[in-house]
Amino acid sequence: MAVKETLEAKQHIASPSLAGTDFKEKLRLFPWWIIGLVGVFVLTAHLILTRASYQDAFNFIRAGIGVTVQTTLIAYGLALILGLLTGLGRISHNVVIQNLGTLYVEVIRGVPMLVLIFFIAFVGVPAGVSLLNRLGEWFLQLGLLFIAQPLIQIENNAVPMTTRAIIALSVTYGAFQAEIFRAGIQSIGRGQMEAARAQGMTYWQAMRYIILPQAIRNVLPALGNDFVSMLKDSSLVSVLAVRDITQIAKLYAGRSFQYQEAYVTLAVLYLMMTVVLSALVKWLERRVRQDERST
Amino acid sequence: MNEAHEMIQVINLRKRFGRLWALDGVNLTVRKGQVIVIIGPSGSGKSTLLRCINHLETPTEGEIWIERQKITGNQKQLNSIRSQIGMVFQHFNLYPHLTVLENVTLAQRIVRKIPKSQAERIAMQHLERVGIADKARSYPAQLSGGQQQRVAIARALAQDPKIMLFDEPTSALDPEMIKEVLDVMLALADDGITMVVVTHEMGFARAAADEIIFMDYGKIVERATPERFFNQPAHERSRAFLSQILSH
């Protein structure tokens, strides 16, 4: 029976009536999921506008949007720099630099992000601070007071949690982006570097004028996707009591016992931000591809 | 020809790739204004020799001198020596993200620090010389293979090089485009530019070369004028090679 049914189904697919093909194809290709997504936003907006409990939750939680966006933007910018430098290090001919880069990437990839955030905030930053202190004392002995003074005065307790969160996110994402940059650079054929070097350019001139412009163009979509990921992963910094939207939603839920309202609002807020960003990334990707076609 | 000074001197050059000696004791002198064509079966070391001359490959043993400057082991002046040697590659290796004009001006500007307007004037002269000035604003991908290779030649000429190296410049081209590139190269040879050309184009070798160098198994087997080489090759292996490629 089941066999017969599949056979019939196959025949149906194999010979669709010609008249309906066009319309059916259009129906099949229509992005229905967008309607679902818009439905979620409309429904949530409706809840916020008509129910006092949702309105309270929304008004309370939206105060964290600034921190979430700010944390993401700064950490992303730092991760880009760290990633580019590490990516260049990973392909360096200098054995020490190349191994240091690889070690960094492998360590970060091997530890869960939540654990990394705790680790960097409570182990990494204090270690960094005491290193700077020691560096300051060393400068003091050399008599370089103007450098020594600010270094000695840094205190671990004085480093705010937001700063720790940003350092943690950028160190983590720097490792991911290093791999993106490395892949992008290695995707450019060897002939490009050879042509540039044959013209008398130094390695760094060739990198800057020939290799990186092409490599970065190739990895723009991947970098964009990472930005969306980072926006989502910034919710992890709530474990450091940084008042991003996740932390504020948690506070609101705990205080008002309106768990449903708090977490529905929180989830939809993230969804809205990532949907807009993803659309931007797709647009960017299409533009890069168009440029490629026209050249 | 005798009083012209030595442009390139290759002394006892050896290059090893893994267990293979791609070059096994090569000695070669190229004088100013000479056009040297290197031929030989694939894997004989022709390209490796060419790429050692501007140090794209690091020689394992031996020395290379460019106009009385030692290039081997001379990391400091390598870039300045390289900027005086133009190289044309089999696959053009134009910079795809830059326009034709930018391709020809970039090295002038960042290596030789020539101001933009002057670099562009020089670039246009050389683009005209290779007959492609009308494509200055195009991107490489918009050009045919032959046009791209002519741009690559203009890019190398814009370095105002003492020597031009050609690494199988027509091997990646469709047959109908080979002539336009060879015509440009013939004109350069007539202008007295010092050239070392690795090619399979025997017609070009016959017409342009002052001397033919035949290589096999990493060694120079024979060095002769085109007439001598094509009419009475001295060496058994040269004869075998010629009979293979000229049999059709």
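Letters A, B, ... mirror the listed sequences (proteins, then strands); counts begin at 1. These numbers were taken from a predicted model, which means no experiment stands behind them.
Of the listed residues (B:Gln84, B:Lys162, B:Gln9), just one forms a side chain to side chain donor-acceptor pair (under 3.5 Å) with B:Glu67, and that residue is B:Lys162.
B:Val104 approaches B:Leu127 most closely through the heavy-atom pair CG2-CD2, 4.1 Å. Residues B:Gly62 and B:Thr72 approach most closely at O-CG2, 3.9 Å, considering heavy atoms.
Heavy-atom distances place the side chain of A:Arg190, and not its backbone, under 4.5 Å from chain B. With a 4.5 angstrom heavy-atom cutoff, B:Phe89 touches chain A only via side-chain atoms. Looking at B:Leu78, neither its backbone nor its side chain comes within 4.5 Å of chain A, counting heavy atoms on both sides. Using a 4.5 Å cut-off between heavy atoms, B:Arg155 touches chain A through backbone and side chain atoms alike.
Side-chain N or O atoms of A:Thr86 include none that pairs as donor or acceptor with a backbone N or O of A:Gly83 at under 3.5 Å.
The greatest number of non-hydrogen atom pairs below 4.5 Å with chain A, out of B:Thr99, B:Leu165, B:Ile110, B:Asn54, is found for B:Ile110.
Both tests do not hold together for B:Arg150 against B:Phe92: distance to the six-membered ring centre under 6.0 Å, angle to the ring axis within 45°.
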